[in-house]
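Below is one structure, written out as structure tokens; the observations come after it.
Only heavy atoms go into these numbers, but all of them, side chains included; no hydrogens, no water, no symmetry mates. Proteins come first, then strands; the chains are lettered A, B, ... in the order of their sequence lines, and each starts at number 1.
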Amino acid sequence: MLKVYNTYTLTKETFNPITPGHIKMYVCGPTVYNYIHLGNARSASAFDTIRRYLTYRGYQVDYVSNFTDLGDKVIQQAQKEGLTEAQLAQKYEMAFDQDTAKLNIIPATVRSKATEVMTEIIDFVTDLLEKGYAYEVEGDVYFRARKFSNYGILSHQNLNEMEENAAGRLNAQEALRKEDPIDFALWKGEHRSGVQAWSSPWGFGRPGWHIECSVMIDKYLGPAIDLHGGGIDLAFPHHTNEIAQSETHSGEEFVRYWLHNGFVNVNQEKMSKSLGNFTTVHELLSQYSDAQTLRFLLTKTHYRRPINYSDTTLEQAQIELDRIRRAYRRLAKRVAVESIKDSTDAAVEEQLKLIKADFMDAMDDDFNTENGLAVIFELVTLINQYADQNSLQLATAHHLLDALQTLTSIFGIDNLELKESLNEEEQQLLDARAQARLMKDFTASDRLRDELLAKGVVVRDTVQGQEWERK
RNA sequence: GGUGGUAUAGCCAAGUGGUAAGGCAGUGGUCUGCAAAACCGUGAUCGCCGGUUCGACUCCGGUUACCACCUCCA
């Protein structure tokens, strides 16, 4: 039975989708004004793994995500880079696609840009005005937060305290316009010329911070969805405001389960653009070629817990992933080389069955990837034990390999095969060493092994002959 | 100040009212020409104080430290 932790109720709840077998899921995407950093990637990675697991579990998942391609940040950065807002957004949207593709994150079923749903946004805001939950002031439109009786539940904040906090930071102009400091903008008037603005019943302007998500969900998934995801920092105000807008608009429960991921920390501090302690995926992958290791690091920690990012944790992830890959390659190689009886091994099949069940139990518990990983390591040990046996059964060997591939693919690791190859010189050294070993010239063979090691190639001797691995 | 979270072996990190998964490192062994890899074995009483209980790391109260949200932020 699948259970998920719902931020709305702060408890783990049994998961029941609105439509059996079908899941409607929305995850907040990036504002495309620069390269994504590891924190953004963590969110995308975590929800990709959740989506992959739900799919593995047999659900049909409709996954919608947005690109925010408008707003002050986009305008500012466009001016800095000498591009139009649309060009800038296009540039970083493509960068997002490239970075996430390297991390093996499956693109959402539907991906929409805020600028593509402008008509729907205006209609949505109009409806909120007609319902009396919004008001216009000099080209701005605000939502009457206090009128929505469940306002703030998701973020577990007290309304009056929120009001005090809000009042303290409002600028005088904004304070004058709002009926209540906690009201939030649905539409912001834009009076400058030459910057992104759309025509509306309230004059030229742009949508407020939160409306695009409400609109896209309504447009692509309908008034009620099963899962809504994003970073925990979005619980307030972003998701809080989404609930108010959407439930006022539809009169229905907006989201069944709110899922929020934790942060990537550096030196026990949140990685963020404002703190300036961020590492972009773009730069990290350009200097560190193994994107799979990065993905593995981002996925193996439970999605609600913080990830400590450092060179050490990255190395640790590399070591763990290597152990998994080695087991896979070891058995795969033996199966490929030897002629083996195509039959099954009942005892091993039984263990494999248990492992698969354990994996599902782990992941059914609010997507507990930490425990899922422990089960994967059990499978690794089983494979290593099996690969040592004299009488391998081909079918069972394939079942083990398929299982390992399937389970790791849920973690975003799609290919356990070795992609690297040796260059001509390295191959010659390796061949020469094989020859030396044949002649039992161990002095020469050890020297050649050292030479290869100096080039970053680790050589091991196995029953099947030499085996190599890039360090 | 309010709210949410975290504190478990050298490090990363699961977990349950009944004497603590897994990975890394270390260490002993098997295997190996040597090595590596792999396999087998090996270590903690769970921030602190108090309470409930036959029994708590797991429940309750308090306390300390750290993080996050309350402003755009995954």
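- Nucleotide B:G4: paired with B:C67 (Watson-Crick or G-U wobble, both distances less than 3.5 Å).
- Residue-level contact check: A:Val375 touches neither bases nor backbone, having no heavy atom under 4.0 Å from any strand.
- Contacts between residues 352-370 of chain A and RNA chain B, defined by a heavy-atom separation below 4.0 Å, involve A:Asn368, A:Glu370, listed by number.
- Taking the C1' atoms as reference points, B:A68 lies 27 Å from B:C59, given to the whole Å.
- Using a 4.0 Å heavy-atom distance criterion, A:Gly230 is classed as a sugar-phosphate-only contact.
- Among the atoms of the strands shown, none is found under 4.0 Å from any heavy atom of A:Leu373.
- Within 4.0 Å of A:His37, counting heavy atoms only, lies at least one base atom of the nucleic acid.
- Ion pair A:Glu320/A:Lys300 flagged as a salt bridge, since at least one NZ, NE, NH1 or NH2 atom sits closer than 4.0 Å to an Asp/Glu carboxylate oxygen.
- The separation between A:Glu320 atom CD and B:C11 atom C1' is 12 Å, rounded to whole Å.
- The distance between atom CG of A:Asn265 and atom C1' of B:C69, rounded to the nearest whole Å, is 13 Å.
- Between A:His210 and A:His238, the angle of the ring planes lies from 30° to 60°, which puts this pair in the tilted group.
- In this entry B:C24 has B:G10 as its Watson-Crick or G-U wobble partner, both defining distances falling under 3.5 Å.
- Here, B:A9 and B:U45 have their P atoms 10 Å apart, quoted to the whole Å.
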The contact string for nucleotides 29-40 of chain B, one letter per nucleotide 5' to 3', using protein heavy atoms under 4.0 Å with B, S and - for base, sugar-phosphate only and none, comes out as ----BBBBSSSS
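- Here A:Phe47 lies out of heavy-atom contact (under 4.0 Å) with every strand.
- At a threshold of 4.0 Å, the pair A:Asp366-A:Arg304 counts as salt-bridged, since one of the basic side-chain nitrogens sits closer than that to a carboxylate oxygen.
- Residues passing the side-chain contact (heavy atoms from CB on, under 4.5 Å) test with A:Lys353 are A:Glu350, sequence neighbours excluded.
- Within the shown strands, nothing qualifies as a pairing partner of B:U32 under the Watson-Crick or G-U definition with both distances less than 3.5 Å.
- Each of B:G23, B:C69, B:C66 was ranked by its minimum atom distance to the side chain of A:Phe236; first place goes to B:C69.
- The structure places CZ of A:Phe47 at 9.0 Å from SG of A:Cys28, a figure rounded to the nearest 0.5 Å.
- Taking the side chain of A:Asn40 as heavy atoms from C-beta on, and the options B:A68, B:C70, B:A74, the nearest nucleotide is B:A74.
- Side chain to side chain, A:Thr369 and A:His302 fail the donor-acceptor criterion of an N or O pair below 3.5 Å.
- B:C72 atom C1' lies 14 Å from atom CG of A:Leu70, rounded to whole Å.
- The C1' atoms of B:G23 and B:A65 are separated by 27 Å, rounded to the nearest whole Å.
- Atoms CD1 (A:Ile153) and P (B:C69) sit 22 Å apart, rounded to a whole Å.
- The interatomic distance linking A:His302 (NE2) with B:G23 (C1') rounds to 18 Å, in whole Å.
- One can place CG of A:Asn267 at 12 Å from P of B:A68, the figure rounded to the nearest angstrom.
- Ion pairing of A:Arg111 with A:Glu93 is absent here, as no side-chain N (NZ or NE/NH1/NH2) approaches a carboxylate O to less than 4.0 Å.
- Residue contacts shown for A:Tyr5 are limited to sugar-phosphate atoms, with no base heavy atom under 4.0 Å away.
- Residue A:Lys300 has no polar side-chain atom (N or O) positioned under 4.0 Å from OP1 or OP2 of B:A13.
- Remark: A:His37 pairs with A:Phe278 by the ring pair (Phe, Tyr, Trp, His ring centres under 6.0 Å) rule, at least two apart or across chains.
- Distance A:Leu234 CG to B:A68 P: 16 Å, rounded to the nearest Å.
- Note on A:Leu10: only backbone sugar-phosphate atoms sit closer than 4.0 angstrom, heavy atoms only; bases stay farther off.
- If you take CE on A:Met363 and CG on A:Leu373, they are separated by 10.5 Å, rounding to the nearest 0.5 Å.
- We find the CZ-OH distance between A:Arg42 and A:Tyr309 to be 14.5 Å, quoted to the nearest 0.5 Å.
- Taking the C1' atoms as reference points, B:C69 lies 34 Å from B:G10, given to the whole Å.
- For the segment residues 308-319 of chain A, the set of residues with a heavy atom within less than 4.0 Å of an atom of RNA chain B comprises A:Asn308, A:Gln316, A:Ile319, in numerical order.
- A:Asp233 has a carboxylate O that lies under 4.0 Å from a charged side-chain N of A:Lys270, or vice versa, which qualifies the two as a salt bridge.
- Taking atom P on both B:A20 and B:U3, the two are 36 Å apart, rounded to the nearest angstrom.
- On the C1' atoms, B:A44 is 15 Å away from B:G22, given to the nearest whole Å.
- Contact annotation for A:Pro306: no contact, since no heavy-atom pair falls under 4.0 Å across all strands.
- Within the nucleic acid shown, A:Glu161 comes within 4.0 Å of sugar-phosphate atoms alone, with no base atom in reach, counting heavy atoms only.
- By the ring pair (Phe, Tyr, Trp, His ring centres under 6.0 Å) test, A:Tyr151 is found to be paired with no residue, residues two or more places apart in sequence or in another chain being considered.
- A salt bridge links A:Arg437 and A:Asp461; the closest N-O separation between the charged side-chain nitrogens and carboxylate oxygens is under 4.0 Å.
- Comparing the same atom, C1', in B:G43 and in B:C48 gives a spacing of 24 Å after rounding to whole Å.
- Judged by distance alone, with hydrogens and angles left aside, A:Lys273 brings no side-chain donor or acceptor close enough to the base of B:C73 to form a pair under 3.5 Å.
- Once rounded to the nearest 0.5 Å, the distance linking NZ of A:Lys356 with CG of A:Leu354 reads 11.5 Å.
- At the heavy-atom level, A:Gly262 lies under 4.0 Å from base atoms of the strands shown.
- Annotation: B:C24 and B:U58 have their P atoms spaced 30 Å apart (nearest Å).
- The CG atom of A:Asp233 sits 14 Å away from the C1' atom of B:G5 (whole-angstrom rounding).
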